[in-house]
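Labels below follow one simple rule: chain letters A, B, ... track the order of the sequence lines, proteins then strands, and each chain is numbered from 1.
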Amino acid sequence: MPELPEVETVRKGLETWVTGRRIALVEVRHPRAIRRHLPGAAHFAALLAGRTITAARRRGKYLWLPLDSGDAVIGHLGMSGQLLVQPADAPEETHLRVRFTFDDDGPELRFVDQRTFGGLAVSAGGAELPSEIAHIARDPMDPLFSDTGFTAALRRRRTEVKRALLDQTLISGVGNIYADEALWRSRLHGARPTDALTRPAADRLLGHVRDVLTEALGQGGTSFDALYVNVNGESGYFDRSLDVYGREGLPCHRCGAPIRREAFMNRSSFSCPRCQPRPRTAVRV
DNA sequence: AACGTAACCTGAACGC
DNA sequence: TGCGTTCAGGTTACGT
């Protein structure tokens with residue numbers, strides 16, 4: 001679900017609404033939501049009670065809330081997770097998994113997740129960068145992201161370019177929507193072998209990835225339905241700007257050819273059959 | 001070691 | 001109306 005623009009939208013909301021606040025009580029309503037916190041729910045809650053949240057940070061699609069104890073709450077939204085700031089008397093969401101109350105009697109923080117692919121955990125000493133997410137690459141909006149490092153690593157891979165864009169250890173924050181959008185802008189089919197990309201082609205691709213993420217962020221992300229919302233429950237509207245994702249059969253915004261849909265990793269890839277011809281040779285090992 | 005796939009879940013939309 | 005199938009914005013564990 002949420003890719004970088006959606007997660008960053010949530011991060012900003014957390015920064016506004018929960019930083020500087022002291023946690024009173026944490027209630028775990030579904031154990032699977034904290035399955036990555038191996039010591040379990042009681043331990044999770046005990047580490048958080050009385051702690052103050054000092055910031056809201058993000059690495060790729062992961063979020064973390066540093067605490068005054070030096071620990072951090074790590075969060076990932078998975079496919080259907082939400083972090084919502086809600087008045088204490090707001091009715092419980094159907095898929096409410098974890099609830100945080102604060103000692104200022106202000107609004108609660110709620111982790112809601114229909115499918116529970118996402119989850120929360122406490123990272124011991126993880127305030128700066130939790131070790132659990134140290135394997136995630138920087139994202140292309142990160143000032144320390146290395147463009148040349150990325151393009152060189154990309155061209156060293158022996159895989160297909162869309163797979164590479166989705167590999168969070170190579171570049172983070174990109175998911176199925178923005179990978180397809182960036183590939184369309186680059187006129188590249190996702191099955192193109194990475195090691196056959198020229199240096200300029202790789203540079204252009206990165207530029208389009210960065211552009212589409214920036215534009216989507218400016219519109220609060222992409223929301224097809226109420227599952228993808230900011231901490232106040234509001235939807236982004238980048239879906240109106242999509243060129244290929246979800247547009248099977250509709251005319252390409254560049255050449256008019258009907259957009260094609262192909263199966264990809266138990267999901268779909270969308271592309272223009274004319275602007276993005278399938279490579280003649282598959283990736284060979 | 002690097003790469004590709006199956007599995008983890010729930011619910012909405014669709015076809016019969 | 002109801003039942004079965006398909007699909008969904010992600011990541012990980014486990015094969016090869």
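- For A:Gln168, whose side chain is taken as the heavy atoms from C-beta onward, the closest listed nucleotide among B:dT10, C:dT11, B:dC3 is C:dT11.
- Contact between the side-chain N/O atoms of A:Arg157 and the OP1/OP2 oxygens of B:dC3 is found at a separation under 4.0 Å.
- For A:Phe117 and B:dC9, the ring-to-base geometry does not satisfy the stacking test (centroid distance below 5.5 Å, interplanar angle below 30°).
- Residue A:Met265 contributes atom CE, which lies 13 Å from atom C1' of B:dA7 at whole-angstrom precision.
- The interatomic distance linking A:Ile133 (CD1) with C:dT12 (P) rounds to 10 Å, in whole Å.
- A:Arg36 comes within 4.0 angstrom of the backbone, heavy atoms only, and of no base.
- Counting any heavy atom pair closer than 4.0 Å across all strands shown, A:Arg35 reaches no nucleic acid atom.
- When both distances must be under 3.5 Å, the Watson-Crick or G-U wobble mate of B:dA6 is C:dT12.
- Of the P atoms belonging to C:dT6 and B:dA6, the separation is 15 Å, rounded to the nearest Å.
- The interatomic distance linking A:Glu132 (CD) with C:dT12 (P) rounds to 11 Å, in whole Å.
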Subject >> Derivation of the side-chain contact (heavy atoms from CB on, under 4.5 Å) call for A:Leu154 and A:Leu197 >> reply: CA-CA 9 Å; A:Leu154 176 71; A:Leu197 289 176; 3.9 Å; yes

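- One atom, CG of A:Leu63, and another, C1' of C:dT11, lie 15 Å apart when rounded to the nearest Å.
- Checked against C:dA8, C:dT11, B:dG4, the side chain of A:Arg163 finds its nearest nucleotide in B:dG4.
- In terms of polar N and O atoms assigned as donor or acceptor, the side chain of A:Arg115 comes within less than 3.5 Å of the base of C:dA8 in a complementary pairing.
- With no hydrogens or angles considered, no side-chain donor-acceptor pair links A:His95 and A:Asp113 at under 3.5 Å.
- Of the N and O atoms on the side chains of A:Arg59 and A:Ser172, not one donor lies less than 3.5 Å from an acceptor on the other residue.
- Judged purely by distance below 3.5 Å, without hydrogens or angles, the side chains of A:Ser186 and A:Arg204 never pair a donor atom with an acceptor atom.
- Between A:His37 and A:Phe44, the two ring planes are perpendicular [angle over 60°; tilted spans 30° to 60°].
- Looking at the side chain of A:Thr159, the nearest of the listed nucleotides B:dG11, B:dG4, B:dA6 is B:dG4.
- Base pairing annotation: C:dG4 forms a Watson-Crick or G-U wobble pair with B:dC14, both donor-acceptor distances under 3.5 Å.
- OP1 and OP2 of B:dT10 both lie 4.0 Å or more from every side-chain N or O belonging to A:Ser80.
- For A:Arg261, a side-chain nitrogen or oxygen approaches OP1 or OP2 of C:dA8 to under 4.0 Å.
- Rounded to a whole Å, the CE atom of A:Met79 is 14 Å from the C1' atom of B:dA12.
- Here A:Phe238 lies out of heavy-atom contact (under 4.0 Å) with every strand.
- One can place CD of A:Glu160 at 15 Å from C1' of B:dA2, the figure rounded to the nearest angstrom.
- Taking the side chain of A:Lys61 as heavy atoms from C-beta on, and the options B:dC9, C:dT12, C:dT11, the nearest nucleotide is C:dT11.
- Rounding to whole angstrom units, NE2 of residue A:His95 and C1' of B:dC8 are separated by 16 Å.
- Rounded to a whole Å, the CG atom of A:Leu166 is 13 Å from the P atom of B:dT5.
- Between A:Glu108 and A:Thr101, the side chains place no donor N or O within less than 3.5 Å of an acceptor N or O (distance only, hydrogens not considered).
- Comparing the same atom, P, in C:dT11 and in B:dG11 gives a spacing of 22 Å after rounding to whole Å.
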